[in-house]
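Inspection log for the structure reproduced underneath, given as structure tokens.
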Amino acid sequence: MSYEPERARTLAELSGGTLEGERRDGIRVFKGIPFAEPPVEALRFAAPRPPRPWAGVRDANRFALPALQPSPASDPPLPGSGAVAGIGSEDCLYLDVYAPDSPGPHPVMVWIHGGGAIVGSTSECDGTKLAQLGVVAVPIAYRLGALGLLYLPGVFDEHADCNFALLDQIAALQWVAEHIAAFGGDPARVTIAGASNGARSVGNLLAAPAARGLFQQAISMSGTGIGQLVAEPEQARRLTDAVLAELGLNLPTANRLREIDAAEVLAAQTRVLSSWPALVAFQVVVGGCTMPQQPIDAIASGAAGKVPLIVGTTHDEYEWFHMVQAGEARSMLVNDAQLEQAIAACRRLLPSPWSEEEIRSHAITCADWRMPAIRLAQASVDAGAPTWMYRLDWRLAPRGVGVGAPHGLDASLMSPKEPDYESVIIPAARRDIKDLEDVIEAMREAIARFVATGNPGPQWPAYDLAARSTFLFDDTCSVAGDPERDVRLLWENVIQTGVTPRD
């Protein structure tokens with residue numbers, strides 16, 4: 001008979017009660033910490049409220065259930081086909097803390113998971129490595145899908161009629177400001193970071209008035225339409241009407257939403273999304289007190305102050321979506337006519353060995369990730385904030401053999417989650433693990449230095465609108481001035497700097 005070793009117990013004293021976590025590998029770990037009351041019943045579709053105190057010692061050794069979301073094992077149902085398998089819970093407003101086993105104060109990284117605003121969880125982000133490097137890592141959860149971003153003007157609370165997911169993220173940052181010192185964290189050195197939808201959330205937080213002062217630095221990795229992929233009220237209302245119709249409701253009867261089982265709301269959401277034209281349906285709504293104006297405009301006008309920012313993408317963002325999605329390649333941000341215009345121009349600009357499929361993929365990469373990242377960097381520079389740009393060029397396979405540097409590869413290497421080398425390397429075109437480890441080390445050193453000091457180091461020059469210096473992570477890391485300048489000018493001069501979002 002085998003026995004598990006006894007867990008080394010560690011306590012954290014908060015104003016609301018005592019937590020018991022685990023001490024291991026030179027760090028302290030606390031999981032499933034409530035940062036707000038459960039958003040259920042009367043708090044469904046409401047702004048989050050501070051958590052209630054608890055008596056005694058609360059066990060913090062297990063992850064909380066993720067926010068309610070479709071099960072990854074189930075295919076989306078056809079419209080009208082009934083319920084959908086789901087995982088998680090409405091009771092989802094929890095975070096985890098990975099802290100160095102020393103008094104501190106240590107810099108803090110708050111990690112916001114991705115998942116298109118419909119899936120994801122804190123358990124995806126293992127902060128062990130960051131804590132061992134002297135950083136307090138705090139992965140946070142937030143409401144997803146309809147429960148997190150449905151637009152309900154005048155139904156429950158005129159001051160919180162949408163953007164519940166964004167309000168959750170702000171509430172988590174408020175919790176960090178109040179409590180992170182109990183874990184050895186420095187509330188005056190907080191960096192927000194995220195990938196994909198998490199990076200889109202970083203852009204929204206930079207623009208949100210209620211978030212100002214709650215963090216001092218920001219990192220955006222593979223941000224999907226960052227600073228731009230937000231909804232106008234009319235656009236959001238159409239999605240609300242569709243979800244309500246699936247539930248037999250309309251806006252005048254939407255106050256019954258709090259009486260309906262959450263699983264039914266999830267099923268209605270999934271049926272709607274199975275035929276919805278927009279690739280990213282649930283977006284933060286612009287126009288209210290939470291997000292008064294377009295994030296990119298707010299950041300450029302100084303909404304975030306002078307918060308130091310790292311922003312970047314991978315070289316081949318769209319290739320991941322091309323692998324997992326069927327059907328014609330589409331953009332999330334520009335309309336079909338603009339995309340075809342860009343593809344035709346890219347055909348002239350890109351090297352002749354590029355296939356037609358690679359050209360189309362690269363055009364969508366520029367539309368949905370690369371150009372939004374550049375525009376965010378420009379807005380940050382316009383506001384006078386120290387700004388750094390990167391691009392991950394390290395390929396999983398040589399060009400023409402397999403996928404390159406797809407969406408989220410930068411986050412899988414740089415983020416709190418320890419990468420699974422065997423799954424990252426494509427077996428059919430396996431590359432030297434040593435090459436990958438060198439890229440990881442370079443990324444992690446730069447990110448850890450930025451989190452600790454607000455600067456990734458002298459080898460990585462700041463971004464400005466003259467040189468446009470961009471750090472390229474590859475087998476041999478280098479700095480390039482305005483990489484793919486012709487493609488950037490294509491988007492600025494042919495497609496223009498504005499975009500026409502898809503509905």
Side-chain angles (χ1 to χ4, degrees), residues 45 76 79 115-119 142-169 196-197 199-201 203-208 223-247 249-252 254 257 265-266 268-299 321 330-339 364 367-369 371-372 375-376 495-503:
F45 302 118
I118 56 173
V119 298
Y142 51 98
R143 283 171 280 185
L144 299 171
L147 293 169
L149 289 164
L150 204 63
Y151 180 48
L152 297 168
V155 175
F156 296 116
D157 182 351
E158 63 179 346
H159 300 295
D161 56 11
C162 59
N163 299 340
F164 310 107
L166 181 60
L167 292 170
D168 294 342
Q169 293 162 6
S196 192
N197 183 69
R200 180 157 56 112
S201 299
N204 293 333
L205 288 165
L206 284 165
T224 306
I226 185 169
Q228 297 171 238
L229 195 59
V230 289
E232 297 292 339
E234 181 182 350
Q235 176 188 357
R237 174 66 187 272
R238 287 195 291 273
L239 180 59
T240 293
D241 289 344
V243 173
L244 291 176
E246 284 289 334
L247 294 167
L249 303 173
N250 54 30
L251 202 61
L257 276 170
V265 177
L266 177 64
Q269 164 193 314
T270 308
R271 292 194 297 271
V272 168
L273 295 190
S274 67
S275 59
W276 196 251
L279 296 176
V280 177
F282 289 103
Q283 304 171 17
V284 163
V285 182
V286 171
C289 59
T290 312
M291 187 62 63
Q293 64 181 132
Q294 290 279 338
I296 199 74
D297 297 331
I299 293 165
F321 294 90
R330 297 168 56 206
S331 165
M332 289 175 274
L333 274 175
V334 303
N335 61 37
D336 292 337
Q338 289 172 313
L339 181 59
I364 299 175
D368 294 0
W369 289 278
M371 283 311 301
R375 289 171 185 148
L376 177 63
I495 308 300
Q496 305 300 319
T497 56
V499 293
T500 302
R502 303 189 67 102
D503 250 352

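Positions are given from 1, in the same order as the sequence printed here. Keep in mind that the numbers below use all heavy atoms, side chains included, and drop hydrogens, waters and symmetry copies.
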Taking the side chain as everything from C-beta on, heavy atoms only, tell me whether [X] gets closer than 4.5 Å to [Y].
{"X": "I296", "Y": "L376", "answer": "yes"}
{"X": "L150", "Y": "F282", "answer": "yes"}
{"X": "V155", "Y": "D161", "answer": "no"}
{"X": "S201", "Y": "N197", "answer": "yes"}
{"X": "F45", "Y": "L257", "answer": "yes"}
{"X": "Q228", "Y": "M371", "answer": "no"}
{"X": "L239", "Y": "W276", "answer": "yes"}
{"X": "R238", "Y": "Y151", "answer": "no"}

Applying side-chain contact (heavy atoms from CB on, under 4.5 Å) to M332 and T224, what does each step give before you reach the verdict? CA-CA 9 Å; M332 289 175 274; T224 306; 3.4 Å; yes
Between [X] and [Y], which heavy-atom pair has the shortest distance, and what is it?
{"X": "V243", "Y": "A268", "result": "O-CB, 4.1 Å"}
{"X": "L333", "Y": "G225", "result": "CD1-CA, 3.7 Å"}
{"X": "T240", "Y": "L152", "result": "CG2-CD2, 4.0 Å"}
{"X": "A208", "Y": "L166", "result": "CB-CD2, 4.4 Å"}
{"X": "A367", "Y": "S331", "result": "CB-OG, 4.0 Å"}
{"X": "R330", "Y": "L279", "result": "NH1-CD2, 3.4 Å"}

Do E232 and Q294 meet the criterion of a side-chain donor-acceptor pair at a distance under 3.5 Å? yes
Would you say N163's side chain and V285's backbone share a donor-acceptor pair under 3.5 angstrom? yes
Do Q269 side-chain atoms and A146 backbone N/O form a donor-acceptor pair below 3.5 Å? yes
Could you measure the distance from the [atom1] atom of [X] to the [atom2] atom of [Y]? Nearest 0.5 Å is fine.
{"X": "W369", "Y": "I364", "atom1": "CH2", "atom2": "CD1", "result": "8.0 Å"}
{"X": "R237", "Y": "Q235", "atom1": "CZ", "atom2": "CD", "result": "14.0 Å"}
{"X": "I299", "Y": "N204", "atom1": "CD1", "atom2": "CG", "result": "8.0 Å"}
{"X": "L149", "Y": "I118", "atom1": "CG", "atom2": "CD1", "result": "11.0 Å"}
{"X": "L339", "Y": "D368", "atom1": "CG", "atom2": "CG", "result": "8.5 Å"}

